[in-house]
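Every chain is numbered from 1 and lettered A, B, ... according to where its sequence line falls, protein lines coming before strand lines.
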Amino acid sequence: MNSRSSSRAASNAAAFTSSSASSGDSRKRSRNPPTTNPQRPLRSKAKSPFADFRSYMVEKNRKLRAQFQADATTSSLGAGSSRADSGDDKGIFHGVSIFVDGFTIPSSQELRGYMLKHGGRFENYFSKHTVTHIICSNLPDSKMRNLRCEQVFLVNFASSVLICSLLSIVFGLFWLRAFSHGLPVVRPQWVLDCLAANRLLNFCSYFQLIMWGMPMKLVLPPEGQCFRCDGPSGQASEELECMKVEKLFGEINANPESTDLEVKFSVPPASGAIPTPLSMINKSYMGHQKIHESLDSSVNCIGASNQGHSTLTDPNFVENYFKSSRLHFIGTWRNRYRKRFSNLLTGYKSSNEKTNCCVTKQKASIIHVDMDCFFVSVIIRNFPDLVDKPVAVCHSNNPRGTAEISSANYVARNYGVKAGTFVRDAKACCPHLVILPYDFEAYEEVAEQFYSILHKHCSKVQALSCDEAFLDVTVCDDDPEEIASMIRKEIEDTTRCTASAGIAGNLLLAYLATRSAKPNGQRFIPSEKVEDYLKDLPVMALPGIGYATYEKLKSRQIQTCGQMYMISKEALQKDFGIRIGDMLWNYCRGIDNRTVEVVQERKSVGAEVNWGIRFNNLTDCHHFLVNLCKEVSLRLQGCGLQGRAITLKVKKRKKGAAEPLKFMGCGDCESVSRSITVPVATDNVVALQRIAKQIFASFHVECDYEYSHIDVKEVRGIGLHITKLESSDISRKVQLAFMCLTSDQDGDCLKPEGVAKSTLKF
DNA sequence: ATCCTCCCCTAC
DNA sequence: TAAGGTAGGGGAGGAT
Ligand SMILES: Nc1ccn([C@H]2C[C@H](O)[C@@H](COP(=O)(O)OP(=O)(O)OP(=O)(O)O)O2)c(=O)n1
Ligand SMILES: [Mg+2]
Ligand SMILES: [Mg+2]
């Protein structure tokens with residue numbers, strides 16, 4: 001029970017066995033950029049109708065793709081079969097792909113119609129990869145409109161906060177303008193004149209003057225401070241307003257029906273209607289009785305027949321997969337924690353401020369606590385006979401299978417079994433290994449007990465994962481080692497699972513101390529022992545140094561912290577970059593300047609699946625993408641966030657790569673990702689789908705080897721990530737306010753209580 | 001210099 | 001059979 005100063009951490013050969021784990025399979029990464037440049041769609045020149053089955057399929061698949069694209073991109077191809085797409089009879093806008101920026105005359109819808117009719121394309125979202133021309137009217141028009149709105153707005157609300165929001169909307173235009181990326185910005189008249197001349201005219205004389213197009217930056221001040229607008233060269237150009245702003249996050253909600261900035265402010269149905277994040281309830285790992293599950297067919301018999309283990313057979317794969325994924329569980333745990341303990345996390349001022357100058361003089365006391373073989377410990381409570389047997393948690397007990405061990409107890413670890421090993425390899429090196437199934441609800445419950453105890457003993461708790469946290473006990477009166485001891489005892493009494501703890505002067509050393517205290521132990525590293533402790537420590541034991549960095553260091557004859565200690569900071573920075581070099585130099589000296597952060601701002605929301613992804617046709621692939629968008633949209637809404645940048649990632653079997661070692665795995669892949677930034681943050685599922693579809697289209701995933709950049713049959717993983725996040729609160733209010741303004745349209749959306757609520761706040 | 005995009009790396 | 005997710009840090013290299 002006592003802190004045995006085991007030397008396991010140092011002598012453990014885990015670092016060296018891990019190389020075999022990644023042999024030949026997917027974990028290898030390619031540094032290569034995408035070999036292709038899918039700048040323009042490669043069109044096969046379809047000749048005679050379907051000479052054979054193959055060309056029939058090619059044609060069919062192209063139609064499918066075109067149909068799919070129609071949402072995000074509209075092109076004459078998508079317009080349907082009425083138009084013969086063959087030979088020379090391409091419309092006058094063939095090869096032209098426009099993006100309409102802001103208010104135009106003719107309207108963007110009219111322009112869209114012209115493009116469709118005459119062989120061009122119309123993009124709903126700007127991307128330098130897909131757009132060839134930006135269409136933009138004179139700014140004053142749109143500006144006037146916006147300003148007029150602003151005045152009405154003033155009359156109605158007399159709210160300075162809202163002015164700020166309005167201004168940010170106006171500046172959205174500037175930002176958008178700055179997106180031109182060297183593409184021609186052309187007046188809409190060009191389109192009309194081309195039509196009149198019945199040919200593609202040189203657009204040079206139609207260049208739109210970008211009068212106010214210098215990038216402007218709207219500075220969002222810290223709470224309660226002045227609000228400024230900085231001009232191009234950094235000088236404060238205008239002091240716009242000086243006001244108390246509790247928080248100003250941004251702009252109105254994206255309108256899924258239109259990207260025009262003078263949008264009709266209708267509430268997007270999906271995001272506005274359901275305030276409760278149903279997704280969170282559905283996904284709850286706490287639901288002892290699965291009430292809400294009845295909402296989705298998957299649990300009940302209806303959909304069950306279709307359920308499978310891949311996208312080939314399960315139309316509801318996204319949802320079903322996540323239900324069983326351990327990595328999804330631990331990956332999403334932090335958000336559930338945020339919700340569950342939000343009362344303890346809010347109002348805590350960011351310790352980022354170095355205001356604790358008085359504290360810095362005092363030497364910090366950090367405790368790191370981590371549950372021992374968490375997933376196993378929780379399950380094994382029900383099997384007391386197994387405590388001295390080798391046990392692991394895994395989906396499968398198949399001795400020839402490729403299911404992964406999630407956690408192994410310390411008996412099993414002595415045989416070399418650890419998280420991530422295939423069950424067949426685990427069985428090979430430990431034939432008597434007992435496999436137990438997962439119980440995510442139980443993990444959730446124990447984690448809650450764990451954190452309740454931590455928060456009881458200390459107010460500065462930083463959650464690292466469901467079984468691991470840092471505590472800053474610098475200002476506590478009690479002896480840190482005694483606190484750790486008490487906490488560990490209470491954890492064991494409450495949960496019947498053991499935890500280990502490390503105590504030291506900074507996060508790094510506390511973390512390392514826990515490692516050498518495990519299992520069921522604790523260790524204090526006094527500052528005078530630090531050098532001794534680090535001297536022979538393998539570099540791989542340092543947090544932030546994984547397999548790749550380890551290999552890189554090894555090739556430079558650096559394997560221990562002691563050896564790294566000898567390398568100059570400059571040399572490390574040259575080889576690993578400024579920040580990482582700095583980190584290496586610090587860590588091998590036991591220096592760590594990080595502080596315990598109770599609240600951590602979320603910077604991205606995303607979902608991806610890289611298992612069970614197999615498609616035989618584009619339809620299924622599109623279907624999957626649509627569901628992934630739903631998932632991400634629900635997650636955004638579930639945590640009250642909206643984002644401006646949407647990134648789509650596609651994993652594709654690497655050229656020459658064999659079938660994955662792992663059943664239904666992604667194997668050795670290259671991945672491509674591409675993002676689109678829109679001017680208005682969104683959480684709306686329709687908007688996400690449109691944007692994701694547009695990006696997907698730009699990858700040119702097709703069913704046809706010769707003409708596609710990615711064969712849909714080789715897609716092994718898809719991910720969707722949202723960044724440039726803003727809170728949805730404010731934007732929702734502003735949006736409602738706008739609806740009030742423009743009450744002529746969508747008046748039925750004006751839920752009285754909604755408006756009342758929003759005005760109340762102001 | 002600073003920002004942005006597209007990656008890779010890391011940890012649980 | 002089996003459930004290889006999630007989010008942050010940061011580097012390279014290009015645009016501005
Ligand atoms: N590759 C991984 C790593 C972790 N986990 C899950 C199972 C672990 O039980 C839990 C906590 O991770 P830890 O790194 O803390 O590992 P353990 O708690 O299992 O063991 P230890 O005693 O080393 O902390 O996260 C996982 O499923 N797959
Ligand atoms: Mg643990
Ligand atoms: Mg842990």
Verify the contact: side-chain N or O of [X] to OP1 or OP2 of [N], cut-off strictly under 4.0 Å; return yes or no.
X         : N      : answer
Asn610(A) : dG5(C) : yes
Lys724(A) : dT5(B) : yes
Tyr321(A) : dG5(C) : yes
Ser325(A) : dG4(C) : yes
Lys662(A) : dA3(C) : yes
Ser675(A) : dC6(B) : yes
His328(A) : dT6(C) : yes

Answer with base, sugar-phosphate or nothing: what part of the nucleic acid does [X] contact at a heavy-atom distance below 4.0 Å?
X         : result
Asn398(A) : sugar-phosphate
Ser310(A) : nothing
Lys552(A) : nothing
Tyr511(A) : sugar-phosphate
Leu648(A) : nothing
Glu608(A) : base
Arg602(A) : sugar-phosphate
Ser465(A) : sugar-phosphate
Arg326(A) : sugar-phosphate
Gly612(A) : nothing
Ala645(A) : nothing

* To do: When you get a sec, tell me which of dT5(B), dA7(C), dG4(C) is the closest nucleotide to the side chain of Thr677(A)?
  =>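 Among dT5(B), dA7(C), dG4(C), the one nearest the side chain of Thr677(A) is dT5(B).
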* What nucleotide among dG8(C), dA3(C), dT10(B) has an atom nearest to a side-chain atom of Ser604(A)? ->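 The closest nucleotide is dG8(C).
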* Is Lys655(A) atom NZ crowded by more than 12 heavy atoms from other residues, nucleotides or ligands, each under 6.0 Å away? ->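 Counting other residues, nucleotides and ligands, NZ of Lys655(A) stays at 12 neighbours or fewer.
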* Asked: Would you find more than 12 non-hydrogen atoms of other residues, nucleotides or ligands less than 6.0 Å from Lys552(A) atom NZ?
  ->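 Counting other residues, nucleotides and ligands, NZ of Lys552(A) exceeds 12 neighbours.
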Report the distance from atom [atom1] of [X] to atom [atom2] of [N], rounded to the nearest whole Å.
X         : N       : atom1 : atom2 : value
Asn397(A) : dA3(C)  : CG    : C1'   : 16 Å
Asp668(A) : dG4(C)  : CG    : P     : 19 Å
Leu327(A) : dT10(B) : CG    : P     : 17 Å
Arg635(A) : dT6(C)  : CZ    : P     : 4 Å
Glu601(A) : dG9(C)  : CD    : C1'   : 15 Å
Lys418(A) : dA11(B) : NZ    : C1'   : 14 Å
Phe329(A) : dG5(C)  : CZ    : P     : 16 Å
Lys603(A) : dT5(B)  : NZ    : P     : 16 Å

* Asked: Looking only at atom C1', what distance separates dC9(B) and dG4(C), rounded to whole Å?
  ->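 After rounding to an integer number of Å, I get 16 Å for this pair.
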* Asked: Residues two or more places apart in sequence or in another chain: which of them pass ring-ring contact (aromatic ring centres under 6.0 Å, His included) with Phe374(A)?
  ->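 ring-ring contact (aromatic ring centres under 6.0 Å, His included) check on Phe374(A) returns Tyr443(A).
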* Applying ring-ring contact (aromatic ring centres under 6.0 Å, His included), name anything that partners Trp585(A), two or more places apart in sequence or on another chain. =>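 By the ring-ring contact (aromatic ring centres under 6.0 Å, His included) rule, Trp585(A) matches no residue at all.
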* Please state whether the rings of Tyr285(A) and Phe440(A) are parallel, tilted or perpendicular, taking 30° and 60° as the class boundaries. =>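 Answer is perpendicular, since the angle exceeds 60°.
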* **Residue mapping more 5' on DNA chain C - nearest nucleotide basis, His721(A) or Ala403(A)** =>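 Looking at DNA chain C, the more 5' nearest nucleotide goes with Ala403(A).
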* Decide side-chain hydrogen bond (donor to acceptor under 3.5 Å, both in side chains) for Gln573(A) and Arg579(A); before the verdict, give the C-alpha distance in whole Å, the side-chain angles of both, and the deciding distance to 0.1 Å. => CA-CA 7 Å; Gln573(A) 287 177 330; Arg579(A) 310 291 300 269; over 6 Å; no
* With Glu659(A) as reference, evaluate Lys654(A), Arg653(A), Arg716(A) under the salt bridge (charged side-chain N to carboxylate O under 4.0 Å, His left out) test and give the passing residue. =>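 With Glu659(A) as partner, salt bridge (charged side-chain N to carboxylate O under 4.0 Å, His left out) holds for just one option, Arg716(A).
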* Is the Trp611(A)-Phe322(A) ring centre distance short of 6.0 angstrom? ->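 Centroid distance Trp611(A)-Phe322(A): not below 6.0 Å, so no.
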* **Positions of residues 571-581 of chain A (non-hydrogen atom under 4.0 Å from DNA chain C), listed by number** =>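 Heavy-atom cutoff 4.0 Å gives Phe576(A), Gly577(A), Ile578(A), Arg579(A), Ile580(A).
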* Test the Arg336(A)-Phe329(A) pair against the cation-pi criterion, namely NZ or CZ under 6.0 angstrom from the six-membered ring centroid and within 45° of the ring axis. =>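 Geometry flag: set, cation within 6.0 Å and 45°.
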